[in-house]
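The figures that follow rest on heavy atoms only: side chains count, while hydrogens, waters and symmetry mates do not. All values reported here derive from a predicted model rather than from experimental measurement.
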Amino acid sequence: MADLLSNAELEARLRDVGARRYHSRHPFQIRLQSGQCTRTEVEAWALNRYLYQACIPQKDSQILARLEDAAMRREWRQRIIDHDGEREGEGGIAKWLKLTDDLGLDRETVMSGRLALPATKFAVTAYISFCRDRPLLEAIASSLTELFSPSVIKVRSEGMLAHYDYVTPETLAYFNKRPVQAKRDSDFALAYVFEHAKTREHQDAAIAALEFKCSMLWSMLDALEHGYIYAKPWPDAFRAERGDAQQAAE
């Protein structure tokens with residue numbers, strides 16, 4: 001039987017997952033932040049990514065319902081508020097819709113998800129199911145991609161502002177608070193994993209849960225790369241209205 005990892009060793013293993021598997025390394029992500037995407041590709045990214053943003057409070061609600069300690073529920077509930085807001089028009093989801101509005105996408109169409117790629121829909125459903133069905137330790141550990149997101153957000157935001165003249169700081173307002181929120185949330189989740197991963201089997205399961213989450217995010221970008229760069233998207237997926245001639249010129 002493998003020896004139990006110290007907290008420092010476990011954290012190093014978790015961070016190594018991000019170094020190798022986080023979607024910051026994906027070719028589409030690099031293309032997006034370095035100004036190589038066409039307008040259509042940026043719009044497709046925003047439309048598909050909306051489904052992931054919208055699923056976050058849903059998966060967090062699954063976790064919240066399983067927490068038996070009131071103090072922990074209060075802590076986890078803040079994640080839902082961050083995305084849903086306290087009232088209409090507030091929160092991260094509303095800010096993401098501001099992003100898609102600024103890109104000229106129809107809000108009802110974005111929210112319906114009907115033009116999202118099948119792989120996006122499958123990935124989001126798998127994530128919600130994972131947080132509902134897997135042991136609580138694994139569900140919480142899957143959120144530890146937030147260990148890696150602050151630096152990625154900075155690079156993405158700076159790159160998009162530098163390279164796409166139709167993107168403004170207001171367009172990317174969603175990302176303003178996320179580094180602070182992600183640091184708070186990852187600190188809490190990491191402490192939970194340290195406390196509840198009592199065996200090496202539990203530790204390995206936590207690492208695997210983070211790998212699952214990284215794979216889920218990676219698969220969404222795989223679908224965008226295949227559908228909008230190397231092939232045609234799914235017949236019922238998003239297509240820009242500007243036409244092939246303009247897209248080819250971008």
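No side-chain donor-acceptor contact under 3.5 Å links Thr109 and Ser112. Residues Asp222 and His26 have side chains that bring a donor and an acceptor to within less than 3.5 angstrom of each other. Side-chain contact, Arg178 with Gln181: a donor N or O sits under 3.5 Å from an acceptor N or O.
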Problem set entry | Working for ring-ring contact (aromatic ring centres under 6.0 Å, His included), residues Trp96 and Phe175 | CA-CA 9 Å; Trp96 196 269; Phe175 297 110; 5.8 Å; yes
Exercise. Salt bridge (charged side-chain N to carboxylate O under 4.0 Å, His left out) between Lys213 and Glu138: does it pass, once the steps are laid out?
Worked result: CA-CA 10 Å; Lys213 173 66 176 302; Glu138 295 176 38; over 6 Å; no
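Checked against the 6.0 Å centroid threshold, Tyr192 and His196 count as a close aromatic pair.
Side chain of Arg21 to main chain of Ser215: no donor-acceptor pair is present (N/O by atom type, distance under 3.5 Å, no hydrogens or angles). For Arg200 (side chain) and Asp3 (main-chain N/O), a donor-acceptor pair under 3.5 Å exists by modelled atom type. No donor-acceptor pair under 3.5 Å is formed between the side chain of Gln53 and the backbone N or O of Gly92. Remark: side-chain polar atoms of Glu41 are paired, donor with acceptor, to backbone N or O of Thr38 under 3.5 angstrom.
Ring pair Phe212/Tyr127 is tilted by interplanar angle, where 30° to 60° counts as tilted.
Geometrically, Arg73 does not engage Trp76 in a cation-pi contact defined by less than 6.0 Å to the ring centre and at most 45° from the axis.
The two atoms that bring Glu9 and Leu4 nearest to each other are OE1-O, 4.4 Å, heavy atoms only.
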